[in-house]
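Data first, discussion second: the structure below is written as structure tokens.
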Protein chains: 2
Amino acid sequence: MTSLDATDRRILTILQVDATLTVADLADRIGLSQTPCWKRVKRLQDEGVITARVDLLDRERLDLALVVFVSVKTNQHEGQWLEAFRKASALPEVVEFYRMSGEIDYLLKVLVRDIAAYDRFYKRLIATAPLCDVSSSFAMEQIKFMTALPIHSI
Amino acid sequence: MTSLDATDRRILTILQVDATLTVADLADRIGLSQTPCWKRVKRLQDEGVITARVDLLDRERLDLALVVFVSVKTNQHEGQWLEAFRKASALPEVVEFYRMSGEIDYLLKVLVRDIAAYDRFYKRLIATAPLCDVSSSFAMEQIKFMTALPIHSI
DNA sequence: AATGAAATAAGATGCAC
DNA sequence: GTGCATCTTATTTCATT
């Protein structure tokens, strides 16, 4: 668990946007030669700073035009209810799932093809556990979306 | 713009979780030989179904423990206001930004180190344009997070 | 469209310094 | 950290089904 220096951060900043770069190109960009650059990447992977290398897909091309944020309130905070509701995270349409502070108890980000698909999802969702209040907000337009984390350069 | 067959979907399902697989391994998994498998991956990249290959990083290790969802309401729907507010998407802490239907006009997902960092962000946010109502919801626990899209197997 | 083999180019990985 | 050797994989080609 070494701490990350400025060079590590520069490597990460690049790789979280484009992981197709060769080690040689990456090394060039950060002003290192191949070997130390490669060793750093390897270390960042081994230490779990880099958790995965994945392909990102075009949502529209995969027939998932609709992004829905589902706010859930409950009045049942017993362990058993929670255990049941957590199973909602297994629903494939749920891509993000948070327990929240404040008014809303849980927030889900859901990807579906269209309203009809959302309705089918909704029925499965409310079947997982008794929910007090469920509110669905539909995205009309995605203005920004990035998987890259905002790395501060210290 | 060919449509995606079942094999394409199987390839995508795998690659959006692990893009480190060699073509040979990928081909094995889907029961193809290297050449046609490689050609499919290439086509999916060229056609823009695969939009990028990126590294995913550990949020905690990068000192971004706090996930905040910011709901924004406005009473100003003129083009000029909108243009100004859209500039908020340039703030690095904003990783997702949606125009919504219903009660909330805009929803932002924001990643910051802690409450103090969020407060600094918040001041910059409200400086971009006159906002009618801004409500911040903090995530206490991330129960699920995946960049992989829920691909339906038809 | 896919297969198998095979050749070449490119890149990753490891070693000597 | 650098430079180089080696090994692995990607990429292309081709004959075949």
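Hydrogens, waters and symmetry mates are skipped; everything else that's a heavy atom, side chains included, is used. Each chain gets a letter, A, B and so on, in the order the sequences are listed, and its residues count up from 1.
Residue pairs satisfying the ring-ring contact (aromatic ring centres under 6.0 Å, His included) criterion with at least one member in residues 123-147 of chain B, sequence neighbours excluded, are listed as follows: B:Y118-B:F138.
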Q: Quick one: do B:K123 and B:D119 satisfy salt bridge (Lys or Arg N to Asp or Glu O under 4.0 Å)? Show the steps, please.
A: CA-CA 6 Å; B:K123 284 168 185 160; B:D119 193 46; 3.2 Å; yes
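We find that CG of B:D28 is positioned 15 Å from C1' of C:dA2, with the value rounded to whole Å. Distance B:L15 CG to D:dA10 P: 11 Å, rounded to the nearest Å.
Close to C:dA2, at under 4.0 Å from its OP1 or OP2, lies a side-chain N or O of B:R40.
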Q: Encode nucleotides 6-17 of chain C as B, S and - characters from 5' to 3', where the letter depends on protein heavy atoms closer than 4.0 Å: B to the base, S only to sugar-phosphate, - to neither.
A: -----SSBBB--
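With respect to A:D5 and A:R10, no salt bridge is recorded, no charged nitrogen being found less than 4.0 Å from a carboxylate O.
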Would you tabulate the side-chain donor-acceptor contacts of residues 82-92 of chain A under 3.5 Å, counting partners in other chains and residues two or more places apart, or write 'none'?
residue, atom, partner, partner atom, Å
A:R86, NH2, B:E141, OE1, 2.8
A:R86, NH2, B:E141, OE2, 2.5
A:S89, OG, A:R86, O, 2.7

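A donor atom on one side chain and an acceptor atom on the other are not found under 3.5 Å apart for A:Q142 and B:R99.
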